[in-house]
Amino acid sequence: MSISKNSVASIYTTEKFIEEYTYTGEDLGAVWSKDSTTFKVWAPTAEKVQVALYGSGTAGTDDLTKKIDMTKGEKGVWSVTVDGDLNGTYYTYFVTNNGEEAEACDPYARTTGVNGNRAMVIDLASTNPEDWSDDVSPNKDMKYTDAVLYELHVRDFSIDESSGVSDAHRGKFLAFTEKGTKTAGGAVTGIDYLKELGVTHVHLLPSYDYGSVDESRLDEPQFNWGYDPVNYNVPEGSYSTDPFHGEVRVKEMKQMVKALHDSGINVVMDVVYNHVYDADTFCFNKIVPGYFSRQKPDGTYSNGSYCGNDTASERAMVQKYIVDSIFYWADEYHIDGFRFDLVGLLDTETINKLVEKVHEKYPDVIFYGEGWDLPTAVEEGNYLAIQKNADKTPDFAYFSDDIRDLIAGKNGENTGFVSGADGCEDEIGACFMAQTPWCPKPDQTVNYVSCHDNYTLMDKLRITRPDAPQAELIRMNKLAAAVYMLSQGIPFIHAGEEFLRIKEDENGKIVENSFDSSDYVNRLRWYQLEDPIYAEVLEYYKGLIQFRKNHAALRLTTAEEVTSNVRYQKVTDGVVLFEINGNVSGETSNGIVIIFNASAKNQKISLSDAGVAAGEWNICINGQQAGTEILETVAEDMVMAAPISAMALVRG
Ligand code: CA
């Protein structure tokens with residue numbers, strides 16, 4: 001059978017095609033052993049497939065050593081076994097469809113040479129760090145709501161000189177393996193910093209092989225977020241110390257994971273299955289024309305992602321590919337969680353299958369994503385993984401744009417609850433209780449106020465409240481953090497938010513979309529931690545995290561638990577109060593009262609008027625400080641909440 005790209009949608013989704021060509025084996029790719037390597041590639045529409053072996057991983061180098069015919073077998077899978085130890089051998093496939101020959105990388109490549117053009121046969125066991133077989137999740141048995149997520153870009157983490165990371169490792173995976181790093185003035189940085197911060201999961205922006213950074217000229221500064229996938233099962237070469245030798249990126253990424261695990265921190269990978277860098281040159285589409293990407297009836301690519309193409313996750317072998325890929329990262333790299341970019345373009349069946357497959361072996365792995373509702377040409381009969389379908393993906397959480405927009409304001413010039421907007425109380429109440437209209441239960445909402453997209457929190461606050469002095473902006477920032485950190489759900493911190501991160505260029509211009517901006521804009525400015533103003537905000541975040549970890553009542557998992565144990569009360573304009581029962585499973589206190597005062601004035605609040613029974617209260621969070629230490633004990637009915645501040649009272 002031969003197929004041209006424009007006719008595919010109808011043929012690929014016929015029952016006949018699905019029945020004849022759905023392969024379920026676990027052996028696609030190059031499976032290495034000391035004596036031989038077996039290559040298998042799914043190419044049901046091809047007339048001819050060959051594997052080409054090369055001396056190097058650099059495309060365009062004239063070092064072809066062998067071109068071997070492959071044989072078509074069951075379900076459209078072509079295979080050949082090549083004798084000898086092929087570890088380190090680079091290869092591609094030559095696939096002929098409809099008389100046209102194309103050279104493609106292996107969609108199941110375990111690693112590649114520079115820029116991901118040629119795959120490499122690899123003995124994966126030889127890439128394992130010491131004690132890798134003993135490496136397990138450091139936060140075993142943790143529920144989704146026990147997680148405190150920290151979203152970080154590999155390069156931002158260490159590229160600034162003030163990170164104290166060695167020159168050779170700055171901007172690389174290996175930066176995470178350096179302990180004892182400090183700024184010139186002695187502020188703790190790097191992995192030690194992450195450990196002291198207390199987050200449970202570091203969520204890394206795309207770290208698989210992406211296309212927008214040229215790995216062949218890393219001597220020049222280049223930056224990209226990396227939402228442009230090229231090889232889904234290969235670490236990004238620019239984060240390795242040597243992108244030309246395929247084993248190096250694999251080894252170094254594993255070393256990073258091991259170092260984080262050894263520091264008690266889990267690793268989440270940001271994965272971008274919803275689109276590819278370039279649909280026409282994506283290897284899967286070269287091998288099976290147009291199969292990986294959705295087409296509109298006119299034959300053009302569906303573009304709900306606004307990146308040129310959408311992935312046809314509903315097609316059987318794309319679904320299998322995504323499931324296999326996620327399981328591979330969990331199994332081979334010990335990845336503890338996955339954040340799905342624009343997951344609203346993928347179908348719920350694929351999501352449930354991959355969650356189920358990973359959870360069978362690794363029950364602690366967490367899954368969440370951007371469930372935005374985007375226009376896409378999905379085949380009929382599929383549900384998409386969007387917020388309003390959350391009840392169809394019970395083990396998958398979604399970012400809450402509701403809480404984000406409420407706390408600091410929607411995009412642009414709008415203010416939010418902490419920055420002076422009126423009338424937010426009841427919606428803040430609903431968000432605090434994980435009762436946004438789409439959210440079935442607290443372990444399905446990721447609560448945050450800023451992330452890599454859009455303005456940083458401090459930039460957003462200073463843009464929307466240009467009148468406010470720095471001290472007031474900091475109060476807003478702290479209150480914002482307290483709102484999402486104490487809410488029911490899964491809290492998520494944008495790296496650097498905890499020390500007033502800004503994205504400003506050399507001319508002082510604030511950058512909103514920094515996906516390809518310079519290191520100057522994107523770096524974490526570690527040196528700022530030497531300034532007591534910044535260090536105090538950091539301490540506040542640490543305290544909020546500790547307080548959350550200390551109170552199981554803040555980490556409920558079902559809607560029923562929340563309804564029966566958490567009570568919302570509007571006190572007055574800009575002031576909300578929550579009373580949380582102490583008699584929930586695992587809770588160490590006798591109850592907690594949380595007050596958010598978003599008004600610009602001191603608020604004297606009568607606890608009895610708010611329906612709270614009298615007692616003795618230990619204040620652990622106020623406008624200045626947060627933590628598990630008792631700042632003050634009060635027994636009065638009236639408590640005073642400072643302007644723009646959070647307060648937590650633990651019943652004594
Ligand atoms: Ca790359």
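Numbering of residues begins at 1 and proceeds along the displayed sequence. Everything numeric in this text was worked out from a predicted model, so none of it was measured. Order of appearance sets the numbers: ligands from 1, and atoms from 1 within every ligand.
- Here the two rings, on Tyr448 and Phe492, have centers that are under 6.0 Å apart.
- Looking only at its N/O/S atoms, Glu236 has OE1 as the one nearest to the Ca ion (ligand 1).
- Distances from the Ca ion (ligand 1) to the N/O/S atoms of Glu215 are shortest for OE2.
- Ring pair Trp132/His334 is parallel by interplanar angle, where below 30° counts as parallel and above 60° as perpendicular.
- Within 6.0 Å of the CD atom in Glu101, the count of heavy atoms belonging to other residues, nucleotides or ligands exceeds 12.
- When O of Tyr210 and OD1 of Asp209 are joined through the Ca ion (ligand 1), the resulting angle is 100° to the nearest 10°.
- Between Glu370 and Asp341 there is a side-chain heavy-atom pair separated by less than 4.5 Å.
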